[in-house]
J.: 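The structure under discussion is supplied below as C-alpha cells; questions concerning it will follow.
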2 protein chains.
Amino acid sequence: MATLGELERAVMDLLWAGHEAATANTLRDLLAQSTRAQDGTAGHVGKDLAVTTVLTVLSRLERKGLVERERGTRPHRYQAVSSRADHTAELMHEVLGSAPDREAVLARFIGSVSATEAETLRKLLEHS
Amino acid sequence: MATLGELERAVMDLLWAGHEAATANTLRDLLAQSTRAQDGTAGHVGKDLAVTTVLTVLSRLERKGLVERERGTRPHRYQAVSSRADHTAELMHEVLGSAPDREAVLARFIGSVSATEAETLRKLLEHS
DNA sequence: GCTTAGTTTCTACATGAGGTAGAACAGCGT
DNA sequence: ACGCTGTTCTACCTCATGTAGAAACTAAGC
C-alpha cells in the first residue's frame with residue numbers, strides 16, 4: 001500500500017503545500033522550507049538533512065507514484081501528483097475496499113463521526 | 001499505526017470470523033481453519049506453517065492490541081478484540097484524522113463512492 | 001576550455017517490522 | 001516417570017525507510 005514513513009510524509013506535506021499554490025518545487029526550495037518549518041507545522045523535520053537524503057526520499061516517492069518530477073528543467077521540479085485531500089480520500093477508499101462488509105464498515109464509520117461532520121456529510125450527499 | 005502484514009491479516013481474518021460467531025479460538029482451531037481456507041477465502045494461507053509461526057503472530061497481534069488471549073484455560077483462547085468492521089472503520093478514522101483538511105477529504109471521499117453506497121450513507125445519516 | 005558550485009545518480013549501511021521457525025520448557029493424561 | 005501438545009524465547013531473513021557519502025553531471029563564470 002501507500003503507507004508513508006515520517007520523513008516521506010514531511011516531504012509530501014511540503015509538496016502538498018506547493019500543490020495548492022500550483023507551484024513546482026526545486027530541491028533547494030524544499031530544503032529551505034523544511035528548515036523553516038517549525039515543530040507542529042506541516043513538513044516539519046527536526047534536523048538538518050543531507051541533500052541526498054531528501055533526493056532519495058523524492059525518488060522513492062516518485063517510484064510510489066506520489067510525486068512527479070520534471071526532468072527537463074535544470075534543477076528538476078518536483079510536485080505532488082494529487083492534493084493531500086485526494087490522496088487521503090483515496091487511502092480511505094483503500095482501507096474500505098479491502099473489507100468484504102463495506103456497509104457495516106460505513107455504518108461504524110458514520111457512527112463515530114462528530115455531529116458537525118455528520119451535517120457536512122449530509123450536505124455533501126444531497127447533490128449526488 | 002496498526003498496519004498489518006499478510007500473515008497477520010490472514011490470522012485476523014480467522015479471528016474475526018470467530019468474533020462474529022462469538023467464538024474464542026484455540027491455536028489448533030486456527031491451524032485447522034487456515035489449512036482449510038481456500039485461495040480467495042478469508043484467512044487463506046498458501047502453505048503449511050509451523051505452529052510457532054502462528055503463535056508468534058498471535059503474540060504480536062496481542063501486543064498491538066488487536067487480539068486478546070485468555071491465559072487461564074489450558075490451550076489458551078485467542079479472540080479478536082473488535083470486529084473487522086469496527087477495526088476497519090477505526091482505521092479509516094485514523095487516516096482521516098491525520099489530515100488538517102478533514103472536510104475536503106470527506107468531500108473527495110463521498111465524491112468517489114458508488115451511487116448505491118451514497119444511498120446507504122444517506123440513510124445512515126438520517127438518524128444521527 | 002577549464003574550474004567550480006550546485007544537482008542528480010548510485011551505492012551503502014542501520015534500524016525496525018514482519019514472516020518463519022527451532023530449542024527448550026511446562027502441564028496433562030496415562 | 002513419560003510423552004504429547006501448547007507456550008515461551010530466541011533467532012534469522014527480507015524488505016521498507018532514514019540517512020548519507022562518492023561519483024557523475026551540468027550550467028555559469030573566468
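In what follows, chains carry the letters A, B, and so on, assigned in the order in which the sequence lines appear, proteins first and then strands, with residues in each chain numbered from 1. Note that the coordinates shown come from a computational prediction; the quantities given were computed from them, not determined experimentally. Only this structure's heavy atoms are used, side chains among them; waters, hydrogens and symmetry mates stay out.
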J.: In whole Å, what is the span from the CD atom of A:E8 to the P atom of D:dC15?
T.: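 Answer to the nearest Å: 17 Å.
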J.: Verify side-chain hydrogen bond (donor to acceptor under 3.5 Å, both in side chains) between B:S83 and A:R108, making sure each step is shown before the conclusion.
T.: CA-CA 10 Å; B:S83 71; A:R108 313 294 159 95; 3.3 Å; yes
J.: To the nearest angstrom, how far is B:L66 atom CG from C:dA17 atom P?
T.: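 Atom CG in B:L66 sits about 15 Å away from atom P in C:dA17.
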J.: With heavy atoms under 4.0 Å as the rule, sort B:R69 into base, sugar-phosphate or nothing.
T.: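 The residue B:R69 makes sugar-phosphate contact but no base contact.
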J.: Hydrophobic side-chain clustering at under 4.5 Å (ILVMFWY, transitive links): who's grouped with B:V45? Put none if nobody.
T.: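 Taking Ile, Leu, Val, Met, Phe, Trp and Tyr as members, B:V45 shares its hydrophobic cluster with B:L4, B:L7, B:V11, B:M12, B:L14, B:L15, B:W16, B:L27, B:L30, B:L31, B:L49, B:V51, B:V54, B:L55, B:V57, B:L58, B:L61, B:L66, B:V67, B:Y78.
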J.: Verify the neighbour count for atom CD of A:E119: are there more than 12 heavy atoms of other residues, nucleotides or ligands below 6.0 Å?
T.: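 Yes, enclosed.
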J.: Just the rounded figure in Å: distance from P of D:dT19 to CG of A:L61.
T.: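 Atom-to-atom, A:L61 to D:dT19, this comes out as 13 Å.
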J.: In this structure, how many angstroms lie between the C1' atom of C:dA5 and the CZ atom of A:R74, rounded?
T.: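 Going from CZ in A:R74 over to C1' in C:dA5 covers 12 Å.
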J.: Rounded off to whole Å, could you give me the NZ-to-P distance for the B:K64 and C:dG16 pair?
T.: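 Computing the B:K64:NZ to C:dG16:P distance gives 15 Å.
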J.: Think B:H76 has a side-chain N or O under 4.0 angstrom from the OP1 or OP2 of D:dT7?
T.: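 Checking D:dT7 against B:H76, a side-chain N or O does come within under 4.0 Å of OP1 or OP2.
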J.: Has the side chain of B:R69 got a donor or acceptor atom that lies under 3.5 Å from a matching backbone atom of B:R77?
T.: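 A pair under 3.5 Å: no.
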J.: Identify whether the distance between the nearest side-chain nitrogen and carboxylate oxygen of A:E8 and A:K64 falls below 4.0 Å.
T.: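 Salt bridge between A:E8 and A:K64, a charged N being under 4.0 Å from a carboxylate O: yes.
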J.: Taking CG from B:L4 and C1' from C:dG19, how many angstroms apart are they, rounded to a whole number?
T.: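 Taking CG of B:L4 and C1' of C:dG19, I get 14 Å after rounding.
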J.: Can you see if the side chain of A:R71 gets near the phosphate of C:dT9 - specifically, an N or O under 4.0 Å from OP1 or OP2?
T.: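 Checking C:dT9 against A:R71, a side-chain N or O does come within under 4.0 Å of OP1 or OP2.
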J.: Can you tell me how far C1' of C:dT8 sits from CD of A:E62, to the nearest Å?
T.: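 Roughly 12 Å, once rounded to whole Å.
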J.: Scan residues 25-40 of chain A against DNA chain C and write down, sorted by residue number, each residue with any heavy atom closer than 4.0 Å; if none is found, say none.
T.: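 Listed by number, they are A:L27, A:R28.
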J.: Need to verify one output field. Residue with the more 5' nearest nucleotide on DNA chain C, A:R60 or A:R77?
T.: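 In this pair, the answer is A:R77.
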J.: Test side-chain hydrogen bond (donor to acceptor under 3.5 Å, both in side chains) on B:S112 and A:H93; report intermediate values, then the result.
T.: CA-CA 9 Å; B:S112 49; A:H93 272 295; 2.9 Å; yes
J.: Taking 4.0 angstrom as the limit, do B:E62 and B:R71 come out as a salt bridge?
T.: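 Salt bridge present between B:E62 and B:R71.
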J.: Do other residues, nucleotides or ligands put more than 12 heavy atoms under 6.0 Å from the CD atom of A:E70?
T.: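 Check passes, neighbour count above 12.
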J.: Any Lys/Arg nitrogen of A:R102 or B:E117 sitting under 4.0 Å from an Asp/Glu carboxylate oxygen of the other?
T.: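 Yes, A:R102 and B:E117 are salt-bridged.
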J.: Rounded to whole Å, how long is the line connecting atom CG of B:L58 with atom C1' of C:dG18?
T.: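 Distance, rounded to whole Å: 14 Å.
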J.: So which of residues 46-57 of chain A are in contact with DNA chain C, with a heavy-atom cut-off of under 4.0 Å?
T.: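 Heavy-atom cutoff 4.0 Å gives A:T52, A:L55.
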J.: Side-chain N or O of A:Y78 less than 4.0 angstrom from OP1 or OP2 on C:dT7?
T.: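 No, outside the criterion.
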